[in-house]
Structure formats: structure tokens, C-alpha cells
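For reference, the structure discussed in these notes is given below.
Every chain is numbered from 1 and lettered A, B, ... according to where its sequence line falls, protein lines coming before strand lines.
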Amino acid sequence: MSAPPPSRHPLPAQPWLVALPLPIPALDFLPPHGSPLGPGPAPVGFRVLVPWRGELSVGVVVGASEGKPNGRLREVVTVLDERPFAHPAFVAALCGLSRLARTPLGLLFSDLLGVGWEARVGHEVRVVPGADLGMFGPKMPGQDWAQAAQFAAPLLDAAREQGLLDERFTPAPRTVTGYRALKEGGASLTLRQTHAWDTLGNTGPLGSQLDWAREAGVSPSVVAQVLARGWAQSVQLPAAPPELPLPSDWTPKPLPDTLPQEAVWRLHGGRERDRYARLAPRTLRLLELGRGVLVLAPDGATLRRAWEELSGLAKVAGTRAVCFSGGLNPAQREHAWDLIGSGEAGLILGSALALAAPHPDLGLIVLLEEASDAHKLLSGSRAFVPELVQRVAAAGDPATGQIPLAIVGCVPAAESLIYPGEVLPPPPLRLHVVDYSAPPEQPELGPLSSPHLKPGDLGYPLSHDLARVLRQVQERGRQAVLLAPRRGYSALLRCPTCQHTPGCPNCDVALRFHQERRALHCHQCGYETVIPDRCDECGDPMWQARGPGTEWIVQEVKKLLPGMPVYRHDGDHQDDLSALAAGKSGVLVGTQGVLSLDAPPNLALIGLTLADTWLNISDFRAGERYHRLLRQLVAWHPGRSPLTVVQTFQPGHPALTCLLGGQDAGFYPAIEVRAREGLGYPPHRLLTYIEVAARDRVRAAQAAQEVADTLHGAGAAEGEVLGPAPSPLARVRGVYPYQLLLRTRSEDRLNELLGSLDRRFAARVRVDVSPRGMG
DNA sequence: AGCACGCCGACT
DNA sequence: GTCGGCGTGCTC
């Protein structure tokens with residue numbers, strides 16, 4: 001950070017590879033001349049300032065350049081850090097993924113490094129002694145150091161490129177605007193104003209006019225007058241460290257550490273709190289040894305609960321816990337990062353953004369709910385966090401090697417079963433299945449089955465069984481939660497005469513019906529329209545709703561239980577649930593998102609109104625996802641086991657029946673692993689999704705075929721390439737996507753095949769090496 | 001991502 | 001004759 005002496009290095013230094021937060025590959029820059037870091041190895045994970053399009057931009061050093069030094073390279077202007085800003089294992093993981101997935105490294109960095117892209121430095125410039133900047137115009141730096149901000153950045157860069165600019169950088173802590181008393185002022189002050197001025201002089205600078213007024217015991221208008229009359233001025237003061245979320249007081253009672261010692265291990269089953277209790281002794285021991293523990297959660301709700309359960313351990317171990325996620329403001333992020341990098345905070349809990357955490361000695365990474373789809377980033381890189389976490393753990397520390405990885409969650413992903421570990425026993429279960437498909441002589445599936453129902457007389461969308469227990473909930477003043485498979489009133493609106501369903505003009509999907517807004521809404525692109533009076537196919541004025549959504553269920557419950565408070569919680573609408581949280585009787589209707597809330601304390605009943613929606617998705621993970629939802633539901637309440645009613649047309653699905661059979665959380669994933677063997681699905685093969693899309697349908701189809709031909713030309717075997725096929729949504733946001741799937745045995749093989757696609761095609765080609773939620 | 005360059009349609 | 005659409009290519 002000090003001024004580089006204006007001497008030139010005689011040796012041609014090896015360029016550094018620098019990632020910028022842009023969707024481009026890492027670029028080469030020469031080390032800063034005169035820097036002590038110059039001739040040594042590239043400072044991986046350190047941030048640098050580099051010339052970029054006439055200005056300066058922050059980048060992260062990812063390694064030494066492999067190519068031969070190109071004569072026209074620019075130099076790094078300064079190194080911003082004194083220790084790695086991103087963990088070297090994180091950098092290595094991103095480089096590896098970037099190579100395999102053909103994702104620009106900069107895109108991965110901008111998605112996954114959530115702090116530090118703003119250089120917090122003072123920047124001063126002057127002309128190199130003896131040089132003349134006159135050719136750049138009149139307003140250029142002179143012999144004395146001056147703030148760089150006064151000069152035009154492109155002109156400074158031109159001088160920099162010519163080697164005519166001397167620059168120095170100094171750490172610039174965050175500041176806040178404050179107020180300081182001046183000895184001399186302008187117009188004279190009143191009595192009160194003099195008092196305010198006096199107070200400010202005695203206390204020293206204060207952070208705001210309001211603080212100042214409060215301190216002096218006067219009204220804010222008085223201090224404003226002191227300022228206006230020139231007896232005080234605003235100054236930049238170093239900002240106090242921002243407040244970070246407080247750790248919880250709670251610590252789990254000490255248990256012996258019986259967890260595995262392997263490099264990668266897992267812990268599944270039981271209730272969430274049981275798993276944290278088992279994890280606590282290992283975490284505590286590592287923290288006491290001064291090592292770091294990083295816990296990664298897929299979503300805000302899981303992170304909040306992990307923070308509740310684990311953050312109290314840090315204090316016991318004599319260190320600090322920090323929470324790092326998108327919820328922090330920039331000042332908090334910088335402060336938390338500083339605490340991590342210095343080793344002051346040993347326990348780090350966070351979202352994917354915490355994966356870069358530069359703790360100097362990580363002793364364990366804990367990945368929560370590895371099967372959750374929320375681990376799939378929705379932003380540009382579409383990275384899958386568990387895949388990255390594995391790479392980070394494997395890359396490890398140059399000194400200590402692989403970082404141990406613990407995979408912890410409700411139900412193991414089929415991919416996790418290869419690792420050693422433990423499955424905790426399931427919590428007590430009270431489950432009742434309502435069979436919508438069955439004639440009445442079906443055997444009883446639970447304590448509340450009604451053997452005398454006639455077909456078609458089961459009740460829909462609330463079955464008679466569910467209605468009866470709902471009435472009991474009301475009579476006894478208890479609480480119930482009903483899950484509907486979707487928001488809105490119903491899945492779709494259909495003409496009973498001609499079966500026509502209004503579709504989205506942009507996306508070729510059926511529009512969802514929203515009763516409340518009297519609107520048809522596309523859940524794909526957001527298109528919204530009013531409900532047409534008549535079917536635009538046959539002109540019939542009648543419409544019929546199909547497939548219950550939250551609005552419909554709310555309406556049914558209100559009809560069934562007059563006087564019972566009914567609340568709704570979904571993506572469109574969140575009622576105030578404080579009455580439920582206080583234990584008052586009521587029914588909550590929501591989508592799967594209600595699982596991110598704390599279970600209502602008096603919960604006696606959970607109803608899954610139409611389970612089949614989780615199975616009808618054409619995705620080979622549908623069964624796994626459905627099973628996980630069921631397990632999460634029955635383990636939701638931390639202390640009791642509410643009656644769970646599942647209404648379904650497929651009561652024999654193993655994802656459901658294995659719960660009734662008392663199997664543990666590892667049982668169903670093992671079934672999945674066996675079933676997927678013959679299908680060539682993960683974990684037996686790596687699945688890669690390739691999308692070829694263009695505005696013009698024919699061009700997209702031809703390019704997709706060309707991609708397939710290229711893969712076959714590169715030696716792809718029968719069964720390694722599937723497709724191309726038009727996407728199930730024939731048109732999305734105005735483009736026609738075609739899709740291909742690769743099923744490869746190994747990463748090397750995948751890399752080989754993808755290598756053949758490293759050229760231009762007549763349509764946009766996108767590769768996803770960890771696809772989720774597709775057929 | 002931005003931003004420039006470049007090549008074809010509707011307009012002051 | 002230009003203005004402007006977005007396809008293609010580059011940034012060290």
C-alpha cells in the first residue's frame with residue numbers, strides 16, 4: 001500500500017491472473033513494479049487495483065498466468081490486502097468449476113464474493129520527478145501529492161500507462177459525517193446557540209446534529225443555526241464498527257463427540273435440533289483449538305435456526321461467531337469479513353456468500369441440507385453450492401491439506417450415501433393417508449380412515465377425514481397448517497365445454513388463476529391479464545377451476561369452520577401470524593414456504609392437501625423432493641408430533657409408504673440410488689444440461705442438432721448424449737430453447753466432450769453441469 | 001456486463 | 001441522405 005519507487009524491474013515478471021466481477025475470464029496483469037510481492041509467487045486471494053477501461057477496478061488474484069507474457073500487458077496498480085481476502089481454497093474451487101462448466105471466472109466471483117468490490121483506499125498522485133504531463137492537458141497532477149479524484153480518470157490512466165505517474169494508496173476506514181466546533185465563527189450566537197457550541201467544543205466531534213442537540217439539551221434547530229452562522233462545520237469521522245447480529249445465549253447440553261473422523265462425513269435424520277446438538281461437541285472442540293468452523297445454509301430460514309442453535313458455542317470457546325449473508329449491509333459485511341480474516345471470529349455461519357470466508361485455519365466446513373434446491377444459485381453462474389463446497393474442501397489449505405466436510409440435513413441426497421455417517425432415528429409419527437384414487441374397500445391406512453366412503457364422495461379439495469379433524473382442531477382451540485401445492489386460487493382455469501385453457505402469450509404455459517385479483521397470471525414470466533368473459537375458443541361463458549391453490553383452500557376452510565381465524569402465507573400474500581405464534585387457535589394455509597416459519601406452538605394438525613403435485617413434475621428428483629417434504633413436515637414442530645394428513649392419488653408411493661413403515665431417513669434415498677442405476681442418473685452418472693436457444697425456432701433447432709452432431713463427432717457414445725428435444729416450455733420469454741443432456745461417467749470424460757463445444761454456434765449455447773429441477 | 005463497431009430498415 | 005435496431009467482439 002506504500003508508494004512504489006519509480007524504478008523498473010529488469011526481469012520480466014510472470015503475469016498474474018486477475019478475476020474481475022464481470023462475466024469474462026480472468027485476465028493477465030503484470031505485478032506492480034517495485035512491489036515486494038512482484039517477483040514472488042502470485043498472491044492468490046489478494047485483491048488488487050487494475051487499470052480497466054480507463055479507470056481502476058478491483059480484482060482478485062487467482063494465480064500466475066500460464067501463457068507467455070504478452071508485451072502489451074498493463075501492470076497491477078496496487079495490492080489492496082495484507083492477507084488473503086478470499087480463501088485460497090475458494091479461489092481454487094472457482095477456477096476448477098470455471099474450467100469444467102465453461103463459466104467465466106469473473107461471473108463466479110461476482111456471484112459468490114459478496115464483499116470487497118469497493119476499494120476502501122485513499123489515492124494520491126503526482127507526476128514522476130522530471131516528467132511533464134503537459135501533453136495530457138492543463139488539469140493534471142504536479143510535483144506535489146494530490147487527491148486522484150480531482151483529475152479525470154482516463155487522463156490519469158494515460159499518464160500511468162506512459163510510466164509518468166507516481167501513485168500512493170493509504171487505508172481509508174469508513175467514515176460518517178459528523179460535526180466539530182470552530183474557534184471562530186460568523187454572526188454572533190444567541191444564549192442557547194452559545195451553549196450548544198460550547199457543548200460541542202467540550203465533547204469533541206459528534207456523529208449527527210440530532211446527537212449534538214440531545215447532548216446540549218436544545219432543539220435541533222438551535223444547532224442548525226450554530227452551523228449556519230459558521231461556528232461549527234461538518235467533518236468526516238471514522239465510523240464506529242457496525243453492529244452485527246448477536247449470538248444466541250443458548251448452548252446445547254454437552255454430549256460426547258461420536259461423529260466420524262473421515263474427510264467427508266454426514267449426519268441426517270431426527271429433528272433439526274437433535275442434529276445441531278450432535279454437531280455441537282465437534283464444533284466446540286475445534287473452536288477451542290483456535291480453528292475455524294464454517295456452516296453453510298441454503299436459505300435464510302435454515303441460517304436463522306442454525307444461528308439460534310450454534311452461535312452460542314463461540315462464546316463458550318472464547319471466540320466470536322459471525323453471520324454472513326446477503327442480509328448484511330455493506331458496512332456489516334466488511335466488518336464481519338475483517339473479523340474472519342484476522343481469525344478473531346472462529347465460527348462462521350452464512351449463505352453461499354460465506355464460502356469465500358478467509359479464515360486462516362478452517363478446521364471444518366458444515367454443509368446444511370445438501371439436497372435443497374435452494375443451493376442452486378439463480379443468478380448468472382447458476383452454480384450449485386454443494387458442488388462448490390466439495391471443491392473448496394478438497395482444495396483445502398496448502399499447509400493442512402483437505403478441510404473436513406460434514407454434510408448435515410433432514411434427509412440425505414442420493415449423492416451423499418457414499419459417505420460414512422449417521423442417521424438419527426425419526427421422531428414419533430402420526431400419519432394418516434387419504435386415498436383419492438381408491439374405491440372404499442381399500443384397507444385402512446391410519447387411525448382416521450373412513451371405510452364407508454363411496455368413490456367420488458371423499459370431498460375435494462378437503463376430504464371428509466381432513467374436514468373432521470379440522471373441526472376437532474376448532475373445537476379444542478388448537479392450531480392447524482394446510483399446505484396447498486401452489487399460490488393463487490387454482491392451477492388453471494378451464495372451459496368446461498371445450499376444455500380450452502388460457503395460456504401465456506410469451507411462454508406457452510397455462511396461466512394460473514388468481515381469484516382475489518380476478519386475474520390470470522403467468523408464474524413463468526409475470527404476464528398478467530384479466531379473466532376473459534368468454535372462452536376464446538368456443539365462446540362459452542363458463543369457467544371451471546382446476547387444482548387447488550392457497551386462495552381456494554382458504555375459502556374452503558372458512559366455509560367449513562365459521563368463526564375460525566384463517567391465515568394465508570404464500571409468495572403473494574403474508575398475513576400477520578403473531579396470534580398463531582402466541583398460541584391462539586387458527587388455521588394457516590400456505591405453500592411449502594411455511595416450513596421456513598417456526599411451527600405454531602399449539603400445532604395439532606398438518607394437512608398436505610394434494611401431495612401428487614410434488615410427484616407430477618417431470619424430474620427424476622421428484623420422489624426425493626416429496627420424501628424430504630414429508631420428513632420435514634413431520635419433524636417440523638420441535639417438541640410434538642402433530643397428526644399429519646396426506647391427501648393423494650398415489651398412496652402407494654414408496655416415498656410415502658416408507659414413513660408409515662417406520663423406516664429412517666436414509667431408507668428412501670437408498671431406494672432412489674438403486675432405481676437410478678439402470679436409468680443412468682446421478683449418483684451413477686454426471687448429468688449435464690445443455691440449452692440451445694434463439695429467437696428463431698428453426699435456427700435454434702438447427703443449432704441444437706449441430707451441437708449434438710459435434711458431440712457425436714467428438715466420440716460421444718450411445719446414451720452419453722440425449723436429445724436435442726424442444727424444451728417442455730416451447731417458448732420462454734420469446735426465445736425457443738432446445739435441450740440436450742449429457743450422461744458421463746467421469747468429470748474427465750465430461751470435460752472432454754464439453755471441449756468439443758468450445759466454439760461458436762448459430763444460437764446461444766448454455767451449459768449447466770449441476771442441473772436441478774428438470775426432466 | 002458495458003461499450004464500440006458494423007451492417008440493414010423507416011424516417012426527420 | 002441519416003437515425004437506430006441489435007448481432008458480434010473486446011476488455012489486460
To the nearest angstrom, how far is A:Ile24 atom CD1 from C:dC10 atom P? 13 Å

Could you check how far CH2 of A:Trp117 sits from P of B:dA1, rounded to whole Å? 15 Å

Give the rounded distance in Å between these two atoms: CD of A:Glu55 and P of C:dC12. 12 Å

Spacing of A:Leu22 atom CG relative to C:dC12 atom P, expressed in whole Å: 11 Å

Distance-minimising heavy-atom pair for A:Tyr689 and A:Pro771: CB-CB, 3.7 Å

Whole-Å gap separating C1' (C:dT11) and CG (A:Leu73): 13 Å

Test item: A:Arg74 side-chain N/O and A:Phe29 main-chain N/O as donor-acceptor pair under 3.5 Å: no

Geometric cation-pi criterion A:Arg759 and A:Phe761, 6.0 Å radius, 45° cone: yes

Is the side chain of A:Arg333 donor-acceptor paired with the backbone N or O of A:Gly326 at a distance under 3.5 Å, no angle test? yes

Look at the side chain of A:Arg53 and decide which nucleotide, out of C:dG9, C:dC12, B:dG2, has an atom nearest to it. B:dG2

What is the separation between atom CZ on A:Arg74 and atom P on C:dC12, rounded to the nearest whole Å? 7 Å

Using a 4.0 Å heavy-atom cut-off, does A:Pro51 contact any base of the nucleic acid, only the sugar-phosphate backbone, or nothing at all? sugar-phosphate

Measure CG/A:Asp157 against P/C:dT11 and give the value in whole Å, please. 14 Å

Interatomic distance where CG belongs to A:Leu20 and C1' belongs to B:dG2 [whole Å]: 13 Å

Does OP1 or OP2 of C:dG7 have a side-chain N or O of A:Arg764 closer than 4.0 Å? no

